[in-house]
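All values reported here derive from a predicted model rather than from experimental measurement. Chain naming here is simple, since letters A, B, ... match the order of the sequence lines and numbering starts at 1 in each. The basis for the numbers below is simple: all heavy atoms, side chains too, and nothing from hydrogens, waters or symmetry mates.
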Amino acid sequence: MTEPSGTAGTDFIRQIIAADKASGKHDGRVVTRFPPEPNGYLHIGHVMSICLNFGIARENNGCCYLRFDDTNPAKEDQDFVDSIMADVSWLGFDWQDQLTHASDYFAAIHDCAVKLIEDGKAYVDSLSADEIRAHRGTLTEPGVDSPHRDRPIAENLDLFRRMRDGEFADGACVLRAKIDMAAPNMNLRDPTLYRIRKLVHQRTGDAWSMYPMYDFAHTISDALEGITHSLCTLEFEDHRPLYEWILDNLELPSRPRQIEFSRLNVAYGITSKRKLAALIDKGLVTGWDDPRMPTVAGMRRRGYTAQSLQTFVRNAGVTKKDKLIEMGALENCVREDLNECAPRVFAVLDPLKVVLTNYPEGQMERLTAANHPNLPDMGSREIPFTREIYIERDDFMEDPPRKFFRLRPGGEVRLRYAYIIKCVDVIKDAAGNVTEVHCTIDPESKSGKPGAERKVKGTIHWVSAAESIGVEVRLFDRMFTVANPDAERDGKAFTDFLNPDSLTIAPDCRIEPGLAAAAPGTRVQFERLGYFVVDIRDAAPGRPVFNRIVTLRDSWAKLERAQLAQI
RNA sequence: UGGGGCGUAGCCAAGUGGUAAGGCAACGGGUUUUGAUCCCGUGUACCGCAGGUUCGAAUCCUGCCGCCCCAGCCA
């Protein structure tokens with residue numbers, strides 16, 4: 001693995017934290033938190049936040065809470081809680097004892113609300129949601145005070161108690177902070193602190209009939225946990241004044257500082273939970289863990305490694321500038337990691353039969369192949385060689401372009417770890433499609449023999465026809481046809497930009513026999529093709545299904561494109 | 001047209017007044033029984049634009065332009 005770029009570790013947030021430690025702020029403690037709402041699966045954007053928060057805690061001998069922001073029972077679900085914990089663990093982080101929920105603090109948050117009411121800093125508003133919106137004003141016009149804004153404290157206290165006790169229907173009233181209806185920052189125009197939701201909460205059951213809003217619950221939770229640095233994404237920058245107002249007007253045990261950074265977006269993907277969920281609802285993908293999804297579960301099933309994801313976000317950096325990072329940067333991290341650890345094997349995705357006419361029928365040799373050409377410690381394996389083999393259909397061309405140095409009529413090519421063969425005949429069906437190629441082997445060119453030193457331009461992979469196993473392989477491509485599907489244009493929805501070829505199934509692939517028993521989750525390199533993983537859901541014993549994780553770099557494809565462009 | 005944020009090579013990103021790091025991509029070349037890996041080499045980026053301050057500015061000031069976020073009883 002390459003070292004992250006030299007500046008990693010010195011981003012502006014880490015600089016702030018280093019300065020705080022140096023000045024003795026918080027007695028030098030560093031406490032962070034990753035606060036997901038359990039209303040969807042984690043995606044690549046969250047990976048950034050997870051690595052930042054847990055990474056910073058680790059680097060500073062601090063700790064990082066995994067806190068579920070479960071303040072809206074209408075949207076949240078235990079399923080999502082489970083998936084989030086599994087994803088964070090898989091990514092390589094440990095929250096130890098620091099697993100919490102905003103709901104753990106509901107009583108304390110309630111008491112904070114009461115305190116604000118008692119201090120005349122919060123009031124119960126009986127306006128409807130529509131009326132509140134109308135009173136809020138617009139971006140350019142100030143809002144107007146609610147007629148209930150100056151209710152006596154005693155009345156507010158009574159109303160709030162009755163909200164808590166379930167005396168009112170959903171929407172009948174809310175608790176609002178009394179700040180400034182003319183504030184240029186919309187978040188300060190008397191933001192809602194509590195709303196009535198007569199729903200069973202997945203953790204607190206029916207104990208509450210009202211729930212705190214994000215800003216209120218989150219700020220108090222941070223302070224209660226002794227969070228020193230509360231890191232969040234840019235869209236919360238406008239909320240910081242409210243965060244600070246809450247800290248200023250309550251007596252909390254600590255004073256966290258909110259710092260915002262930009263979200264990480266990957267080109268040709270989306271990271272909106274709503275849109276991700278829509279893809280599932282519409283049946284456009286098979287689920288949250290569809291290997292095309294930019295979710296952690298999807299990328300894991302796709303075969304990406306946790307290490308490569310960590311490297312990726314670290315290389316991306318931490319700044320306040322909007323990022324749209326090339327897919328290739330992610331893929332490169334995956335290749336870089338897998339190149340080190342994935343054993344090499346042979347598989348043919350689109351088989352073309354080759355008959356070696358001068359090789360005895362019924363004969364079989366076991367040839368030795370290295371599991372990793374650059375890492376001898378990974379050992380070797382034997383692969384069966386027979387008279388009939390399969391090669392990649394792409395590796396034969398009847399009328400090849402310039403610089404094509406694989407198999408062609410009359411031409412020679414090396415079968416990796418085996419013999420040099422020469423094409424002597426091409427068999428076609430009535431439609432003119434090549435169905436079979438006949439070749440002769442050069443027996444002196446067998447790998448390991450002195451004659452093997454003879455050079456030919458190309459080397460291709462192959463698999464024995466009789467001694468290989470048929471499997472299904474799934475090939476994935478980018479999910480969208482445009483770099484930034486989140487930015488809708490011309491009134492089109494993001495689903496209008498779905499790539500119809502994001503999934504291609506190769507149903508009749510052939511793999512070397514030793515792979516039949518590969519366990520789900522096993523990652524290998526199919527030589528010359530790419531990295532593949534045994535699917536963790538659909539594999540049957542003895543009959544694995546493979547997902548293509550990422551292709552190898554392909555300078556031939558690039559050359560071919562360049563040649564085509566010249567025509 | 002209110003408020004907040006951001007603008008350094010195709011994509012990320014250092015730089016915090018002294019004369020533009022690094023990574024990825026791209027392009028050359030070498031090694032190679034994976035057209036992979038690996039290795040070597042190649043970039044004047046009008047530092048968004050225009051003024052100003054200064055001996056000197058990507059870094060300070062002023063004005064402008066562009067992009068993103070905010071009007072949930074979502075987070």
Check your understanding: In whole Å, what separates the C1' atom of U44(B) from that of A58(B)?
Key -> 15 Å

Exercise for review: Just name whichever nucleotide pairs with U42(B), Watson-Crick or G-U, keeping both distances under 3.5 Å, else none.
Suggested key: A26(B)

Review point. Within less than 4.0 Å of OP1 or OP2 of U8(B), is there a side-chain N or O belonging to K321(A)?
Key: yes

Review point. With a 4.0 Å cut-off on heavy atoms, is H218(A) in touch with a base, just the backbone sugar-phosphate, or nothing at all?
Key: nothing

Exercise for review: Kindly say if K558(A) contacts the phosphate of A26(B), meaning a side-chain N or O under 4.0 Å from OP1 or OP2.
Suggested key: yes

Practice item. Assign the ring pair H46(A) / H43(A) to parallel, tilted or perpendicular, where the plane angle (0 to 90°) is split at 30° and 60°. Key: tilted

Practice item. Examine distances only and state if a side-chain atom of H461(A) and a backbone atom of A347(A) form a donor-acceptor pair shorter than 3.5 Å. Key: yes

Review point. Between C73(B), U1(B), G35(B), which nucleotide has the shortest distance from any of its atoms to the side chain of T140(A)?
Key: U1(B)

Point to revise | Sugar-phosphate, base or nothing in reach of R197(A), heavy atoms under 4.0 Å | key: base

Review point. Checking all strands, does E326(A) fall into the base, sugar-phosphate, or nothing category for heavy-atom contacts under 4.0 angstrom?
Key: base

Check your understanding: G3(B) phosphate, OP1 or OP2: any side-chain N/O from N187(A) under 4.0 angstrom?
Key -> no

Practice item. To the nearest Å, give me how far apart CZ (F261(A)) and P (C6(B)) are. Key: 15 Å

Check your understanding: Can S126(A) and R151(A) be counted as having a side-chain donor-acceptor contact under 3.5 angstrom?
Key -> yes

Review point. Quick one: which of G35(B), C12(B), U34(B) gets closest to the side chain of Q525(A)?
Key: U34(B)

Practice item. Measure from CG on D215(A) to C1' on A71(B) and round the result to the nearest Å. Key: 14 Å

Point to revise | Any donor-acceptor N/O pair under 3.5 Å between G72(B) base and R195(A) side chain | key: no

Check your understanding: Using the ring of each side chain (for Trp, its six-membered ring), is H239(A) parallel, tilted or perpendicular to Y214(A), with breaks at 30° and 60°?
Key -> perpendicular

Exercise for review: Please state how far atom CZ in R189(A) lies from atom P in G72(B), giving the value in whole angstrom units.
Suggested key: 11 Å

Study note, to complete from the structure: Value for CD (E237(A)) from CG (N185(A)), rounded to nearest 0.5 Å, stands at 11.0 Å

Practice item. With a 3.5 angstrom cut-off on both distances, give the Watson-Crick or G-U wobble partner of C73(B), or none if there isn't one. Key: none

Practice item. Taking only the side-chain heavy atoms of N339(A) (C-beta and beyond), determine which of C6(B), U37(B), G3(B) contains the nearest atom. Key: U37(B)

Review point. Is any N or O donor-acceptor pair between the side chain of H372(A) and the base of A36(B) shorter than 3.5 Å?
Key: no

**Study point:** A25(B) to A9(B) separation - C1' atoms, rounded to the nearest Å
**Key:** 11 Å

Check your understanding: Which one of Y419(A), Y417(A), Y390(A), F385(A) satisfies the ring pair (Phe, Tyr, Trp, His ring centres under 6.0 Å) criterion with W462(A)?
Key -> F385(A)

Point to revise | Given A75(B), G4(B), U34(B), the nucleotide with the shortest approach to the side chain of T459(A) | key: U34(B)

Point to revise | P atoms of C24(B) and G66(B), separation to the nearest Å | key: 36 Å

Practice item. Using heavy atoms to find the nearest nucleotide of RNA chain B for D170(A) and G448(A) separately, return the residue whose nucleotide is more 5′. Key: G448(A)

Review point. So, is S555(A) close to the A36(B) phosphate, meaning a side-chain N or O under 4.0 Å from OP1 or OP2?
Key: yes

Review point. Is there any ring pair (Phe, Tyr, Trp, His ring centres under 6.0 Å) pair reaching into residues 168-195 of chain A, and which pairs are they, with sequence neighbours excluded?
Key: F160(A)-Y194(A)

Revision key, fill the gap. Between CD1 of I441(A) and C1' of U33(B) the distance, given in whole Å, is 16 Å

Exercise for review: Using atom CZ of R344(A) as one end and atom C1' of G35(B) as the other, report the distance to the nearest whole Å.
Suggested key: 15 Å

Review point. Does Q15(A) have a side-chain nitrogen or oxygen under 4.0 Å from the phosphate oxygens OP1 or OP2 of G15(B)?
Key: yes

Exercise for review: Mind checking L529(A) for me? I need base, sugar-phosphate or nothing, with any heavy atom below 4.0 Å counting as a touch.
Suggested key: nothing

Check your understanding: Would you say G35(B) has OP1 or OP2 under 4.0 Å from some side-chain N or O of R528(A)?
Key -> yes

Check your understanding: Does R553(A) put a side-chain nitrogen or oxygen below 4.0 Å from OP1 or OP2 of A25(B)?
Key -> yes

Point to revise | Presence of T319(A) side-chain N/O under 4.0 Å of A13(B) phosphate oxygens OP1/OP2 | key: yes

Check your understanding: With a 4.0 Å cut-off on heavy atoms, is K75(A) in touch with a base, just the backbone sugar-phosphate, or nothing at all?
Key -> base

Review point. In the structure shown, which nucleotide is the Watson-Crick or G-U wobble counterpart of U54(B), with both distances under 3.5 Å?
Key: none

Practice item. Using the C1' atoms only, state how far U19(B) lies from C67(B), rounded to an integer number of Å. Key: 30 Å

Review point. K323(A) side chain N/O closer than 4.0 Å to the phosphate oxygens (OP1, OP2) of A13(B)?
Key: yes

Exercise for review: Compute the centroid of each ring, for F546(A) and then for F526(A), and state whether the two points are separated by less than 6.0 Å.
Suggested key: yes

Review point. Taking the C1' atom of each, how far is G5(B) from G10(B), in whole Å?
Key: 25 Å

Check your understanding: Restricting to pairs with a member in residues 186-197 of chain A, which pass salt bridge (charged side-chain N to carboxylate O under 4.0 Å, His left out), not counting sequence neighbours?
Key -> R149(A)-D190(A)

**Study point:** Gap in Å between the two C1' atoms, one belonging to G7(B) and one to C46(B), rounded
**Key:** 15 Å

Revision key, fill the gap. Quick note, K320(A) side chain, CB onward, closest among G2(B), C6(B), U33(B) is C6(B)

Review point. Base, sugar-phosphate, or nothing: which does D238(A) touch, judged by heavy atoms less than 4.0 Å apart?
Key: base

Check your understanding: Expressed in angstrom and rounded to an integer, what is the separation of N374(A) atom CG from U33(B) atom C1'?
Key -> 13 Å

Exercise for review: Tell me what F405(A) touches on the nucleic acid: a base, only sugar-phosphate, or nothing, going by heavy atoms under 4.0 Å.
Suggested key: base

Exercise for review: Report yes if at least one side-chain N or O of T71(A) is closer than 4.0 Å to OP1 or OP2 of A75(B); otherwise report no.
Suggested key: yes

Study note, to complete from the structure: 5'-most contact on RNA chain B (nearest-nucleotide basis), E235(A) vs A316(A), goes to A316(A)

Check your understanding: How many Å lie between CG on D322(A) and C1' on A13(B), as a whole number?
Key -> 15 Å

Review point. Quick one: is R136(A) getting a side-chain N or O under 4.0 Å of the G72(B) phosphate, OP1 or OP2?
Key: yes

Check your understanding: Which part of the nucleic acid, if any, lies within reach of I325(A) when heavy atoms closer than 4.0 Å are counted: base, sugar-phosphate only, or nothing?
Key -> sugar-phosphate

Check your understanding: So what's G17(B) paired with, Watson-Crick or G-U wobble, going by both distances under 3.5 Å?
Key -> none

Exercise for review: Indicate whether W556(A) forms a stack on G35(B); treat it as stacked only if centroid distance is below 5.5 angstrom and interplanar angle below 30 degrees.
Suggested key: yes

